[in-house]
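What follows is a set of notes on a single structure, which appears directly below.
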Amino acid sequence: MLLTIHLISWVWLIIMVSCGLTRQSIKAANRYLILSRLGYLALIITGVYLSTKTFQAAPLLTIVKAVCGVGTIGLIEIAFARWQESHLTGKLVSLLVGGVVLTVMIGFGLHVMLTGHWL
């Protein structure tokens, strides 16, 4: 159940960030920033619980996933701040997309390694 909430939170976060960074007004982007922070909250709560279940079997991969997840959240916050200042660059967006892809890939790899199946 918590894995499902974790995955839904990732989808929610990706949608909110995509919508927020493509808005034309700062006020509209701030709404999406607040909604994305709700996604962070769900991700952190479920992520901590899931990491307690996976740490014993794969401690290094669990730590790498946690660091990538926190780093991705940090990149999202930086991207929103830069967008509000009109200094959002393609390099930062590329880094953000890469961080999301890397975190999701590590998460799925961790899940497959421990369960032996994709879903």
Side-chain angles (χ1 to χ4, degrees):
M1 176 67 181
L2 284 176
L3 179 59
T4 304
I5 294 170
H6 194 73
L7 294 174
I8 290 170
S9 298
W10 268 109
V11 171
W12 170 268
L13 184 61
I14 291 169
I15 291 170
M16 292 301 110
V17 170
S18 299
C19 289
L21 293 178
T22 57
R23 296 297 120 187
Q24 297 301 320
S25 73
I26 293 176
K27 189 174 182 179
N30 283 339
R31 289 184 189 130
Y32 287 103
L33 176 59
I34 291 168
L35 291 172
S36 69
R37 288 177 177 163
L38 290 173
Y40 302 159
L41 185 62
L43 280 172
I44 291 169
I45 291 169
T46 57
V48 168
Y49 176 80
L50 291 171
S51 66
T52 62
K53 300 297 180 187
T54 61
F55 188 77
Q56 195 145 21
L60 183 62
L61 197 55
T62 302
I63 291 170
V64 170
K65 165 75 168 48
V67 168
C68 284
V70 171
T72 300
I73 289 172
L75 285 172
I76 291 169
E77 287 293 320
I78 291 169
F80 271 109
R82 294 284 172 93
W83 185 91
Q84 290 173 349
E85 298 171 351
S86 300
H87 293 92
L88 184 62
T89 63
K91 184 178 178 181
L92 180 60
V93 172
S94 299
L95 195 57
L96 176 59
V97 170
V100 169
V101 169
L102 181 65
T103 305
V104 170
M105 286 175 51
I106 292 171
F108 272 114
L110 185 61
H111 177 72
V112 169
M113 186 178 88
L114 296 176
T115 64
H117 54 82
W118 285 100
L119 297 174

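Numbering starts at 1 and runs along the sequence shown.
- Across every non-hydrogen atom of Thr46 and Ala42, the tightest pair is OG1-O, 2.8 Å.
- Across Ala29 and Gly20, no two heavy atoms sit closer than the pair CB-O, 3.5 Å.
- Judged by distance alone, the side chain of Thr62 and the main-chain N or O of Ser51 form no donor-acceptor pair under 3.5 Å.
- When all heavy atoms of Ser9 and Gly39 are compared, the pair lying nearest together is CB-O, 4.2 Å.
- No continuous path of hydrophobic side-chain contacts links Val17 to Leu41 [ILVMFWY only; heavy atoms under 4.5 Å].
- Annotation: ring pair (Phe, Tyr, Trp, His ring centres under 6.0 Å) contacts involving residues 66-111, sequence neighbours excluded, comprise His111-His117.
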Going through the distances and angles, do Ile15 and Tyr32 end up as a side-chain contact (heavy atoms from CB on, under 4.5 Å)?
-> CA-CA 9 Å; Ile15 291 170; Tyr32 287 103; over 6 Å; no
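- Of the inter-residue distances, the one linking Ile78 atom CD1 with Ile73 atom CD1 reads 12.5 Å to the nearest 0.5 angstrom.
- Residue pairs meeting the salt bridge (Lys or Arg N to Asp or Glu O under 4.0 Å) criterion with at least one member in residues 100-114: none, sequence neighbours excluded.
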Audit row: Ile106, Leu102, side-chain contact (heavy atoms from CB on, under 4.5 Å) steps and yes/no = CA-CA 6 Å; Ile106 292 171; Leu102 181 65; 3.9 Å; yes
Could you walk me through whether Gln84 and Leu33 pass the side-chain contact (heavy atoms from CB on, under 4.5 Å) test, one step at a time?
-> CA-CA 11 Å; Gln84 290 173 349; Leu33 176 59; 4.2 Å; yes
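- Residues Val48 and Val67 are members of separate hydrophobic clusters, defined by side-chain heavy-atom contacts under 4.5 angstrom among Ile, Leu, Val, Met, Phe, Trp and Tyr.
- For the residue pair Lys65 and Gly107, the shortest heavy atom distance occurs at CE-CA, 3.6 Å.
- In terms of heavy atoms, Ala79 sits closest to Leu88 at O-CD1, 3.8 Å.
- The environment of Gln56 atom CD is sparse: at most 12 non-hydrogen atoms of other residues, nucleotides or ligands sit within 6.0 angstrom.
- No donor-acceptor pair closer than 3.5 Å links the side chain of Trp10 to the backbone N or O of Val100.
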When you look at Tyr40 and Ser36, which way does the side-chain contact (heavy atoms from CB on, under 4.5 Å) test go after all the steps?
-> CA-CA 6 Å; Tyr40 302 159; Ser36 69; 4.0 Å; yes
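- Separation of atoms CD1 (Ile8) and NE2 (His6) is listed at 12.0 Å; rounding is to 0.5 Å.
- Of the inter-residue distances, the one linking Met113 atom CE with Thr54 atom OG1 reads 8.5 Å to the nearest 0.5 angstrom.
- For the atom pair CZ (Arg31) and SG (Cys19), the distance works out to 13.0 Å, reported to the nearest 0.5 Å.
- Counting only heavy atoms from C-beta outward, the side chains of Ile76 and Leu13 approach each other to under 4.5 Å.
- The distance from the CG atom of Leu75 to the OG1 atom of Thr103 is 9.0 Å, given to the nearest 0.5 Å.
- In the hydrophobic clustering of ILVMFWY residues, with side-chain heavy atoms under 4.5 Å counting as a link, Ile45 and Ile5 come out apart.
- The two residues Ala57 and Pro59 make their nearest non-hydrogen contact at C-CD, 3.8 Å.
- Within a 6.0 Å radius of CZ in Arg82, other residues, nucleotides and ligands contribute 12 heavy atoms or fewer.
- Met105 is not connected to Leu61 by any chain of hydrophobic side-chain contacts under 4.5 Å among Ile, Leu, Val, Met, Phe, Trp and Tyr, and they are in different clusters.
- Remark: Thr115 OG1 to Leu110 CG distance equals 9.0 Å, nearest 0.5 Å.
- A continuous path of hydrophobic side-chain contacts links Val64 to Leu114 [ILVMFWY only; heavy atoms under 4.5 Å].
- In this view, Arg37 and Glu77 satisfy the side chain to side chain donor-acceptor pair (under 3.5 Å) rule, not counting sequence neighbours.
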